[in-house]
Amino acid sequence: MLIVHKIAVNMKELEKAYEAKKYEDGIYEKWEESGLFNPDVCVEKSTAKKDAPIFSMVLPPPNVTGVLHMGHAAMLAIEDAMIRYHRMKGDRTLWLPGTDHAAIATQTKVEKLLMEKGVKDPRVELGREKFLEEVDKFAKASHDTIINQCKKMGSSLDWSREAFTLDEKRNLAVRTVFKKMYDDGLIERGYRIVNWCPRCHSTLADDEVEYKEQSAKIYIFKYSADFPFAIATTRPETKLGDTAVAVNPKDKRYKKFIGKTFKVKSFAGGADLNIEVIGDEAVDMNFGTGALGVTPAHSHVDYEMAQKNNLPVIKVIDEDGNMAADAGTVYAGLSVKDARKKVVENLRVSNLLEKEEDAPNNLSVCYRCETPIEPLPSKQWFIKVNKEFQMGPSKIMGIKEGQKTTLKKLMQAAVREGQIKIIPDRFDKTYFHWIDNLHDWCISRQIWYGHRIPVWYKGDQTYVGFEAPKDSGWQQDSDTLDTWFSSGLWTFSTLGWPDKTDDFNNYHPTSVLETGYDILPFWVARMILMTTYTLGDIPFETVYLHGLVRDEQGRKMSKSLGNVIDPLAMVEKFGADATRLSLMLGNTPGNDSRLSEEKIAGFRNFTNKLWNICRYMMMQIDFEKSEPAKPVTLADFWILERLHEIASDTSKHIEQFNFSFAGEKLRDFTWNELADWYLEISKIEGNKSGILQYILETILKLWHPFMPFVTEAIWSEIPGKKLLMAEKWPQLKKEKISGRVKDFEIIKNIITNIRSLRAEYKVEPAKKISVSIGAGKFAGLLKDNVEILQGLARIEKIQIDKSMKKPGNSVGFLESGVEVFIDLSGLVDFAKEKIRLQKEIGEVEPYIAVLKKKLSNKEFVKNAPKEIVANENAKLAEAEEMLAKLNDQLKSI
RNA sequence: GGGUGUUUAGCUCAGUUGGUUAGAGCGACUCGUUUACACCGAGUAGGCCAGGGGUUCGAAUCCCUUAACACCCACCA
């Protein structure tokens, strides 16, 4: 047996275990210094050709509200893998970073922090300017933390192009789009019912309202003693603003009252009411009393009814969440809560309250501060999604230049026509459903942190433009824009638009948008709206949606549950590569995944395994000679063929967004084939410098997008190499180098079977055994690889022939028609061996029966494809041969 | 009320257009310091693919249905 023990003299030996902490920061610095995160530099340094395909992506900008969580880490890992893959492929690859000012979220957070510091009412005490200074300070600190975290994860973002949703350039884009929309009549100011958060003191968009289930009281009451029937409500205090009662026109009980008006004197001691009875199909006759009190000012549904029926709108709740003057002097100024108690009490005293019932109810709350929302009428700016306008230059399929269309239709067309592809495609439904339910979008916010609305007023004049008009007396609107207005422009505002920049021409539309499915409506849909309208083009070609990262038990991670796993802590403990793998492998697109420290630790183990695999290979490689990777032995052919196959599959899976699959297959190959078999064989066969070097380099390249740090660390130890991140991706094709993979599998299986029998018979690992093999047509193959058999199965004496009689005192098995007998003199327990053989026969017999039944079925033979039938026949022949030999063995005992 | 997803080994999940004797990782168990790695190696056990119908020569995979869990949307007073 040949044993080669060679350590290249020019190599400093790698440490035994890979310690991520020692390498990561230094490697990131080297990457940054190279400038290669920037595609322009790649072209300059010719790692990418000028006319190479473009691959561009924007980083979904994290909110500057604090620190990154595991969801961000997953996003960074997946996007970086895509980016590194494309960069290595030689594409002109841009990944553009930035952060989001997240208007309400950030302002709320800073208010909270200031209040914790003892400032009772930050906005009142500090005033607009001072308050905004505080927010900016916080945002800056938060931004720096976030950038640092992105770097820790290894994200190869082009920092030279970093953007912020609230910086000057983005502000110009915002003003430009606002004006265009206003001029097209798509932005309009109006007095309408809006979602109002009394704590934030601002409007909210429909999708910024969340619902919390709670148990509520339903009160059934009459407006007055002489009112003909009762109605039900969960909010008695709003009834002070009722202007109608709606009933179903088919309802026999109430039909006769439709059209009549009832005067109510001082309802519950408050305002006088004028209640008109109206008919509306939407009223459910079987719910409550079948009659519905209509409060146009404080319910979206009632507001619509009021519009239809020309009812007056009386506002009885104000912006602070207190009762307004129109509620009556007794109520004015009371909080909603107190007013409710008082109305109920007054109704009870005057005997108008008929019943109180408990019922489940959905309370609408602010998504940021969980304060209950008050729907109330207010003068605000809206984007009209159903209003027709004339389309400008258009690349949107199905919508031509000059054609009349609406924003909704644009959003639908871009996805329906397949111009934008959403992965997984089931989210198409969510997208279209969201658009179907979309109402006009209220974009003005009464908060200070954000893009100021580019509108100026003077008396009753309104001016919309880029700057205040020259003449004096103009006052800018004090409101700011919904944060999604600016993030909706993100794919092109970051590329310099509205200036006609090279970046815009080169990188827009972007190739892929990768983000969590939870912000599909919030952000993705709005980007499609803004981009199709503004540019007449799509913002991105593919939307890839990842799932949420949950805790071990499948719960959302949250501070209050105390189940948050901090990405930075995991990077510190297990390394960025392990953290990345734990977020990319073992899940499927669009589905939530569970994360635990044990999972990350498992991938840390793999990181170390790869390190050691490479460490061992490097000890065997003579880098000075640089031999060609020429396969000589069966194992060589096998590993090269498998390597090429895995390389080609990895490319394929990455391009099809199957990152998990790609990584898992690559891991299985690296660990179970390369390390467990080929490297062990190389210890026996020796002299593989050329092949090992080829495998080493290829495997490091293939792993680099997934685990950039450890691969780069190893790469830097290979003499004469520069940066791995700039190396060419191995674009290998699946090819049959010799068709000998199957032959190798036979050897492998024989070894596994011998090992298994050894374990079963408790033959000590150190003890060598004698084996005789009846190999049939494979005799030559086995003889060629006898050293491998001996080495890996620990065989002392081996006899190979075409056929072999079962020696006494031996146990045997079959593999692909090859009979292997192990001499176990003194060790064989014949009773046990009998049982073992019978058990195997017991497995093969029913298998044969199934195959026979299948093949005797004429329908199967007739209908199934030829290959399948042939395949089943082959299986049957093999199984029958096996059965015969097993029976022989059994008889010979 | 409408919609989507999930249900496969003790746990976490794969299973690509229907054709395997249904796979992996972790965990469990038995061995083991053999010239990279104990963050390791060799081996073993463990599954009526949620239940019920159907389509098909053939179903974990397609259709219908029931159930449990999760999420999204709408919101009825």
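Just so we're on the same page: letters track the sequence lines, and every chain starts at 1. Since we're looking at a predicted model, the values are computed, not measured.
In this structure, A:Glu867 reaches neither bases nor backbone, as no heavy-atom distance under 4.0 Å exists between it and the strands shown. Using a 4.0 Å heavy-atom cutoff across all strands shown, A:Lys609 reaches at least one base atom of the nucleic acid. Contacts of A:Asp518 with the nucleic acid, taken as non-hydrogen atoms under 4.0 Å apart, are absent. A:Asn362 comes within contact range of at least one nucleobase, with a heavy-atom separation under 4.0 Å. Nucleic acid contact class of A:Lys854 (heavy atoms, under 4.0 Å, all strands): none. Using a 4.0 Å heavy-atom distance criterion, A:Gly293 is classed as making no nucleic acid contact. Using a 4.0 Å heavy-atom criterion, one finds that A:Asn753 contacts no nucleic acid atom at all. Counting non-hydrogen atoms under 4.0 angstrom, A:Pro865 reaches a base of the nucleic acid. Among the heavy atoms of the strands lying under 4.0 Å from A:Thr588 are primed sugar atoms or P, OP1, OP2 only; no base atom is included. Backbone-only contact: A:Val301 has heavy atoms under 4.0 Å from sugar-phosphate atoms and none from a base.
Spacing of P atoms, B:C26 relative to B:A42, comes out at 12 Å, to the nearest Å. Rounded to a whole angstrom, the distance from the C1' atom of B:A50 to that of B:A67 is 8 Å. Taking atom C1' in both B:A9 and B:G5, one finds a spacing of 23 Å when rounded to whole Å. B:G43 and B:A60 have their P atoms separated by 30 Å, given to the nearest Å. For the P atoms, the distance linking B:G27 with B:U20 amounts to 31 Å, nearest Å.
Out of B:G41, B:G43, B:U12, the shortest distance to the side chain of A:Arg594 is found at B:U12. Across B:C57, B:C37, B:U4, the shortest atom-to-atom separation from the side chain of A:Arg615 is found for B:C37. Between B:C71, B:U21, B:A77, one nucleotide has an atom nearer to the side chain of A:Arg550 than all others, and that is B:C71.
Taking the side-chain contact (heavy atoms from CB on, under 4.5 Å) definition, one finds that A:Val763 meets it with A:Arg758, A:Tyr761, A:Lys767, A:Ile769, A:Leu824, A:Leu827, sequence neighbours left out.
For A:Lys853, no side-chain nitrogen or oxygen approaches OP1 or OP2 of B:G58 to under 4.0 Å.
Other residues, nucleotides and ligands contribute more than 12 heavy atoms inside 6.0 Å of the NZ atom of A:Lys875.
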Could you please spell out the steps behind the ring-ring contact (aromatic ring centres under 6.0 Å, His included) verdict for A:Phe229 and A:Phe227?
CA-CA 6 Å; A:Phe229 49 86; A:Phe227 201 84; 5.4 Å; yes
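Where A:Lys762 and A:Ala282 meet RNA chain B, the nucleotide closest to each residue was compared, and A:Lys762 sits on the side nearer the 5' end.
Between the side chain of A:Glu15 and the base of B:A36, no donor-acceptor pair under 3.5 Å is found. If you check distances only, the side chain of A:Lys665 never reaches the base of B:A24 with a donor-acceptor pair under 3.5 Å.
Figure legend: A:Lys683 and A:Tyr616 shown as a cation-pi pair, the cationic atom lying under 6.0 angstrom from the six-membered ring centre and within 45 degrees of its axis.
Distance A:Trp677 CH2 to B:G41 P: 13 Å, rounded to the nearest Å. A:Glu552 places its CD atom 16 Å from the P atom of B:C26, with the value rounded to the nearest Å.
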Secondary structure of RNA chain B per the Watson-Crick/G-U criterion (both distances under 3.5 Å; [ ] crossing, | other strand, . unpaired) is (((((((..((((.....[...)))).(((((.......))))).....(((((..]....))))))))))))....
